[in-house]
Enquirer: 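Following this message is one structure expressed as C-alpha cells.
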Number of protein chains: 2
Amino acid sequence: MQKLMFKDKLLTQLVNVFRQYGYEGATLARISAATGLGRASLYHHFPKGKEEMAASALNLVNTWLEESILTPLRQESEPIERLRDLSKNLYEFYNCGQQTCLFTMFALGESKDLFQAQIQKALNVWIDTLAQVLIDAGLPPEYARHRAEDAILQIQGALILGQGLDETGAFERVIKRLPEQLLNGTEQVSRGICLQ
Amino acid sequence: MQKLMFKDKLLTQLVNVFRQYGYEGATLARISAATGLGRASLYHHFPKGKEEMAASALNLVNTWLEESILTPLRQESEPIERLRDLSKNLYEFYNCGQQTCLFTMFALGESKDLFQAQIQKALNVWIDTLAQVLIDAGLPPEYARHRAEDAILQIQGALILGQGLDETGAFERVIKRLPEQLLNGTEQVSRGICLQ
DNA sequence: GTCTATACACCGATAGAC
DNA sequence: GTCTATCGGTGTATAGAC
C-alpha cells in the first residue's frame, strides 16, 4: 500500500521532469534532483535506465488520460453533458493550460522514434472515444472523426501557443467553447458558436 | 554572391537539423554531418557556438516567415484573396504538413529560456498581421485577434498531431478551410464552413 | 533500497597546423 | 576556411559497500 503510493509519487515526479525538459533534456541529474533519489537508486527502480523511466512516465500519463478523460467520455449521460465534463477535466488535466503535454514532448525530436507507436495508439484511442460521443449525438461518423481530431489538435496547439506567448488565454477559450463547437449542427445544439 | 549563397545554404541545413532534433538533440556531431563541416569549421562561422547557430537558424525562419507569409498578408488585394494565398504559402512553408515548426521546437524543453523572447515576438507579429486582414474584412478588432490566434494554434496543433499520428490529413484539412473559417460571418463570406 | 565511487562515451568548445 | 587533435565537463550506466 505504501509502496504503491511511493512508486506512484515517484512516477508523478518523473512525468513532471519529462514534461518540462523533454526526453533528452531530462538528464539523470535533474531526475535525481526532482525525485530526491541518487542515480543508482533510480536504476534500482528502473533497471533498463532512462528509457524505462520515460516509458513508465508515458504509461502513467496514459492511465491518467484513461481515468480522467476517456472514462467520463464513455458514460451514459447526454453527449453535451459528457463534453462539458470533458472541458472541465481537460482544464484540470493540463493545469489550466500551463502544462505541456507529454505526448507532444515525446512526439518531437529524438525521442519520436522511441515512443511514436505508443503515442500514436494513445492519440487514436482518444480520437475514437471522442468521435463516438459525437456519433451518439447524431453526427455522421465521417464528420465525427474529423471533429474529434480537430478538438485534440486545438488543445495541443493551444498548449503550444500558451508556451510561446506565455499566456493561457487561448487555451481557456478553446476549452470553453469545445462542447458547443463539437456538437455544432446536431440536434443537441441548435445554434453553436463558430470561432467567435 | 557565392558567399551569400553558401551561408544561406548552411543556415538552411542548420534549420533542418534543429527542426528535426530540437535544440538539445541537435548535437554538433549531427550538425557536422548535416552540413559536411567539421566542428572547428562550424565555430569559425559561429564563434559563439551552438547557441549562435540556433539563434541564426531562428532568424532565418523569421525571415522566411516574413517573406512568404507576412508580406503576402499585407498586400492590397481582397482579404479573402490574401487568406487563400496564406493557405497556399503555409502549405509550402511546412512542406505539406510533414515538417515541424522551429518555433515549437524551441518553445518547449530546455531551449525555452534561451529563445522565448524572440519566439513570443515572432508569434505576436504573426498574429497581429493576420488579425489586421480580418479587421480589413470587417471583423471587430476584439474578435480578429482571437481568430488569428485560433488559426495559428490550429496550424501548430495540426503539425503536432501530424507527428504523433504520422499522417498529414489533419494539417491539410486545417489549411484548406482556413480562409473561409477566418472570414466566417463577415460580408466576405456569406456562408462559411464551421468545423465540418 | 540507498549510497559513494567510478567507468566510459559523448557533449560543446578550443588550439594550432595547413 | 577547413582540418586533426584535444580539452574539461557532463551524459548514461554500473559496481560494490552499507
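Residue numbering restarts at 1 for every chain, and letters A, B, ... go by the order of the sequence lines.
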Enquirer: What's the OH-P distance between A:Tyr21 and D:dG11, to the nearest Å?
Expert: 12 Å

Enquirer: Check every strand shown and say whether B:Thr27 touches a base, only sugar-phosphate, or nothing at a heavy-atom separation below 4.0 Å.
Expert: sugar-phosphate

Enquirer: Can you measure B:Met53 atom CE to C:dG12 atom P for me and round it to whole angstrom units?
Expert: 9 Å

Enquirer: Of the nucleotides D:dG1, C:dT14, D:dT14, which has the atom closest to the B:His45 side chain?
Expert: D:dG1

Enquirer: If you check every side-chain atom of B:Tyr43, which of C:dC3, C:dA13, D:dT12 has the closest atom?
Expert: C:dA13

Enquirer: Whole-Å distance between C:dT14 P and B:Phe46 CZ?
Expert: 15 Å

Enquirer: Counting heavy atoms from C-beta on, name the nucleotide in C:dG12, C:dT2, D:dT2 closest to the side chain of B:Lys50.
Expert: C:dG12

Enquirer: To the nearest Å, give me how far apart NZ (A:Lys7) and P (C:dT2) are.
Expert: 10 Å

Enquirer: With B:Arg145, which residues qualify under salt bridge (charged side-chain N to carboxylate O under 4.0 Å, His left out), at least two apart?
Expert: B:Asp128, B:Glu149

Enquirer: Starting at atom CZ of A:Arg30, determine the distance to atom P of D:dT10, rounded to an integer number of angstrom.
Expert: 12 Å

Enquirer: Take atom CG of B:Leu37 and atom P of C:dA13, then tell me their distance rounded to the nearest Å.
Expert: 16 Å

Enquirer: What is the separation between atom CD on B:Glu110 and atom C1' on C:dC11, rounded to the nearest whole Å?
Expert: 12 Å

Enquirer: Tell me which nucleotide among C:dT2, D:dA13, D:dC3 gets nearest to the side chain of A:Leu28.
Expert: D:dA13

Enquirer: Compare the minimum distances between each of C:dG12, C:dC3, C:dA15 and the side chain of B:Arg39, then state the nucleotide with the smallest one.
Expert: C:dG12

Enquirer: In whole Å, what is the span from the CD1 atom of A:Ile31 to the P atom of D:dT10?
Expert: 17 Å

Enquirer: Of the nucleotides D:dT2, C:dC11, D:dG11, which one has an atom closest to the side chain of B:Ala29?
Expert: C:dC11

